[in-house]
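What follows is a set of notes on a single structure, which appears directly below.
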Amino acid sequence: VQLQASGGGLVQSGGSLRLSCAASGFTEEHYSIGWFRQAPGKEREGVSCIGSSSRNAYTYYADSVKDRFTISRDTAKNTVYLQMEGLKPEDTSVYYCAAGVSYDPNFCVVIEYSYAYWGQGTQVTVSS
């Protein structure tokens, strides 16, 4: 099982980035994908997740990113995207994608222990 996160970089405040999480090697038919982030000296926090349903997938956003970030899934490419708009300096973190078996295709949570597989992280830096 592999998760490859990419798309991070340096952007000015108010800018945009799109993160990608490419998944491979899954044997489970259904899995949820979550995005987490960790800033230096801080605990990792959940950002967003998308359920396993292939149509009208359930999505969740932390209050800190709601209305600015959009998560989506391309089932054919086994890739989940996190479109980030209106980036702020406080969004600066290493962003990780994670996958976990989904028992309810219409639900997901951004709780770390719900995710068994983790990608390597991609750095997002927002300058003021």
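Reckoned from all heavy atoms, side chains included, excluding hydrogens, waters and symmetry mates.
Between Asp63 and Lys66 there is a salt bridge, since a side-chain N of the basic residue sits under 4.0 Å from a carboxylate O of the acidic one.
Atom CZ in Arg73 sits 5.5 Å away from atom CD1 in Ile50 (nearest 0.5 Å). Rounded to the nearest 0.5 Å, atoms OG (Ser48) and CD1 (Ile33) are 11.0 Å apart. Here the NE2 atom belonging to His30 is positioned 11.0 Å from the CG atom belonging to Asp104, to the nearest 0.5 angstrom. In this structure, Ser93 OG and Gln123 CD are separated by 7.5 Å, a value rounded to the nearest 0.5 Å.
Taking every heavy atom of both residues into account, Trp35 and Ser20 meet most closely at CH2-O, 3.6 Å. In this structure, Gly7 and Thr122 approach most closely via the heavy-atom pair N-OG1, 4.0 Å. When every heavy atom of Asp91 is checked against every heavy atom of Arg68, the shortest pair comes out as OD2-NH1, 2.7 Å. Cys21 approaches Leu3 most closely through the heavy-atom pair SG-CD2, 4.0 Å. The minimum heavy-atom distance between Cys108 and Gly51, with the atom names listed, is SG-N, 3.9 Å. Of all the heavy atoms in Met84 and Val124, the pair that sits closest is CE-CG2, 3.9 Å.
Cation-pi geometry between Arg37 and Tyr95 is not met: the NZ or CZ atom fails to fall both under 6.0 Å from the ring centre and inside 45° of the normal.
No continuous path of hydrophobic side-chain contacts links Tyr81 to Ile71 [ILVMFWY only; heavy atoms under 4.5 Å].
Using a 4.5 Å heavy-atom cutoff, the side chains of Tyr61 and Asp67 are not in contact. A 4.5 Å side-chain heavy-atom check between Ser32 and Cys49 finds every atom pair outside the cut-off.
Shown here are the salt bridge (charged side-chain N to carboxylate O under 4.0 Å, His left out) partners of Glu112, two or more places apart in sequence or in another chain: Arg44. Applying the side chain to side chain donor-acceptor pair (under 3.5 Å) test to Ser16 and every residue at least two apart in sequence or in another chain returns Glu85.
Judged by distance alone, with hydrogens and angles left aside, the side-chain atoms of Gln120 form a donor-acceptor pair with the main-chain N or O of Ala5 at under 3.5 Å. Formation of a donor-acceptor pair under 3.5 Å by the Thr92 side chain with backbone atoms of Val126 is found in this model.
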Check your understanding: Run the side chain to side chain contact (heavy atoms under 4.5 Å, CB included) check on Leu17 and Leu87 step by step: do they pass?
Key -> CA-CA 8 Å; Leu17 282 173; Leu87 283 163; 4.2 Å; yes
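Tyr60 forms part of a hydrophobic cluster together with Phe36, Tyr58, Val94, Tyr96, Phe107, Val109, Val110, Ile111, Tyr113, Tyr115, Trp118, judged by ILVMFWY side-chain heavy-atom separations under 4.5 Å.
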